[in-house]
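Heads up: numbering here begins at 1 and tracks the sequence.
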Amino acid sequence: DSAGVEQFDTGDDKYMIRIPRMTGGTPAAASTIWAIRNLGTKKVRIRRIAIITSFSGTAAATTQSYEFRRFSGATPTGGTALVVIKKRNSATATTVTDARFGGVTQTALTVAGITFEASFHTCGQTRQNGEDNAHVIDFMSTQDGFELAVNEGLAIQIELVAVAGDSISGSIDWDEV
């Protein structure tokens, strides 16, 4: 403002990561298929989650649900590593030092020693061929972001046993403070 007081955060510590398209495979109900973990020294404040769910298999009278959960304890293992993207090349190294997904076939990650909180958001997808849905969770201000403290993480779990044709993809962006 005119007195030199910062009105908006213009810092460089802004990042994003993709949720690669995952389809197929048959992991069990309550399997974790994607996770990031804050193993650094700053808080992660999630700003936006944008997801596309779809189905392109044999139609069924069921609905898959993708649940977003914060967790603590151990770090998930297995799967394929993901790379965090800096929104500005001048940003410092991210505090999210572990990011992984179960691969394009939705293989479950190993979650021994992890404590999951209740789901804070669920995206449903009916199993009707060719159907897709967009889901956006937009935390409106810097102060309103969903926070991951040091040693906490964010995971996506499936509610039902996966079937060929279940699909999810998207991205998540955050600030580190």
Side-chain angles (χ1 to χ4, degrees), residues 6-23 30-55 63-72 75-76 79-104 106 109 111 114-126 131-159 162 166-177:
E6 184 177 310
Q7 298 295 305
F8 301 99
D9 175 20
T10 58
D12 287 337
D13 294 338
K14 299 177 186 317
Y15 308 87
M16 65 187 310
I17 195 165
R18 69 189 180 110
I19 299 168
R21 185 170 185 268
M22 294 179 276
T23 187
S31 290
T32 300
I33 59 170
W34 181 95
I36 61 173
R37 182 130 187 248
N38 177 7
L39 294 170
T41 59
K42 298 178 184 178
K43 285 188 226 172
V44 168
R45 188 171 289 143
I46 299 193
R47 301 280 306 258
R48 183 174 188 189
I49 301 172
I51 300 295
I52 300 273
T53 58
S54 62
F55 185 78
T63 299
Q64 180 62 281
S65 293
Y66 298 93
E67 297 184 341
F68 289 78
R69 297 175 182 270
R70 182 170 28 211
F71 67 87
S72 59
T75 300
T80 303
L82 292 168
V83 176
V84 174
I85 304 300
K86 297 177 184 180
K87 285 190 169 182
R88 293 189 180 116
N89 282 330
S90 59
T92 60
T94 180
T95 195
V96 172
T97 56
D98 189 85
R100 61 189 64 244
F101 76 113
V104 294
Q106 289 189 22
L109 300 175
V111 293
I114 293 176
T115 302
F116 290 98
E117 295 181 8
S119 172
F120 70 87
H121 185 77
T122 301
C123 300
Q125 178 62 51
T126 59
E131 184 168 322
D132 61 312
N133 293 290
H135 310 266
V136 176
I137 308 167
D138 198 358
F139 299 99
M140 300 307 286
S141 69
T142 303
Q143 296 79 20
D144 193 31
F146 186 84
E147 286 189 359
L148 302 177
V150 172
N151 294 322
E152 290 182 335
L154 176 66
I156 300 173
Q157 292 183 325
I158 56 173
E159 186 176 38
D166 286 342
S167 179
I168 184 172
S169 61
S171 64
I172 297 179
D173 69 292
W174 68 88
D175 299 338
E176 295 179 4
V177 294

Exercise. Please assess L154 against F120 for the test side-chain contact (heavy atoms from CB on, under 4.5 Å), listing each intermediate value before the final yes or no.
Key: CA-CA 11 Å; L154 176 66; F120 70 87; 3.5 Å; yes
Quiz item: Between I158 and M22, does a side-chain contact (heavy atoms from CB on, under 4.5 Å) hold up when you go through it step by step?
Solution: CA-CA 12 Å; I158 56 173; M22 294 179 276; over 6 Å; no
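Annotation: the span from R70 atom CZ to E117 atom CD amounts to 4.0 Å, rounded to 0.5 Å. The CD1 atom of I172 sits 5.5 Å away from the CD1 atom of I156 when rounded to the nearest 0.5 Å.
In the model, N151 has no side-chain atom that pairs as donor or acceptor with a side-chain atom of S72 under 3.5 Å.
Residues D13 and V177 have side chains not in contact (no heavy-atom distance under 4.5 Å, counting atoms from C-beta outward). In this structure, the side chains of R37 and I114 stay at 4.5 Å or more apart for every pair of heavy atoms. Considering only heavy atoms from C-beta on, Y15 comes within 4.5 Å of K86 through its side chain. No side-chain heavy atom of T95 sits under 4.5 Å from any side-chain heavy atom of W174. Within the 4.5 Å cutoff, the side chain of I19 has no heavy atoms near those of the Y66 side chain. Residues F101 and I17 form no side-chain contact, since every pair of their non-hydrogen atoms from C-beta on lies 4.5 Å or further apart. No side-chain heavy atom of H121 sits under 4.5 Å from any side-chain heavy atom of I49.
S65 pairs by the side-chain hydrogen bond (donor to acceptor under 3.5 Å, both in side chains) definition with E159, not counting sequence neighbours. Applying the side chain to side chain contact (heavy atoms under 4.5 Å, CB included) rule to S169 yields the partners R21, I52; only residues at least two apart in sequence or on another chain are considered. Partners of E176 by salt bridge (Lys or Arg N to Asp or Glu O under 4.0 Å), not counting sequence neighbours: none found. Applying the salt bridge (Lys or Arg N to Asp or Glu O under 4.0 Å) rule to R48 yields no partners; only residues at least two apart in sequence or on another chain are considered. By the ring-ring contact (aromatic ring centres under 6.0 Å, His included) test, F68 is found to be paired with no residue, residues two or more places apart in sequence or in another chain being considered. Listed by chain and number, the residues in a side chain to side chain contact (heavy atoms under 4.5 Å, CB included) with I85 are M16, V83 (sequence neighbours excluded). Partners of D166 by side-chain hydrogen bond (donor to acceptor under 3.5 Å, both in side chains), not counting sequence neighbours, listed by chain and number: Q64, R127. Remark: T126 pairs with E131 by the side-chain hydrogen bond (donor to acceptor under 3.5 Å, both in side chains) rule, at least two apart or across chains. Scanning for side chain to side chain contact (heavy atoms under 4.5 Å, CB included) contacts around R69 gives E67, F116, S119, Q157, with sequence neighbours left out.
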Per-pair distances, 0.1 Å, donor-acceptor, side chain in residues 132-140, under 3.5 Å, sequence neighbours excluded:
residue	atom	partner	partner atom	Å
N133	ND2	Q125	OE1	2.9
H135	NE2	T53	OG1	3.1

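The nearest pair of heavy atoms linking L82 to P20 is CD2-CG, 3.5 Å. Here the closest non-hydrogen pair linking T32 and A155 is CG2-CB, 3.8 Å. In terms of heavy atoms, V111 sits closest to P76 at CG1-CB, 4.5 Å. Nearest heavy atom pair, residue G103 against residue T80, reads CA-OG1, 4.2 Å.
Formation of a donor-acceptor pair under 3.5 Å by the K14 side chain with backbone atoms of K87 is not found in this model.
Among pairs with a residue in residues 91-102, those fulfilling salt bridge (charged side-chain N to carboxylate O under 4.0 Å, His left out) read D98-R100, at least two apart in sequence or across chains.
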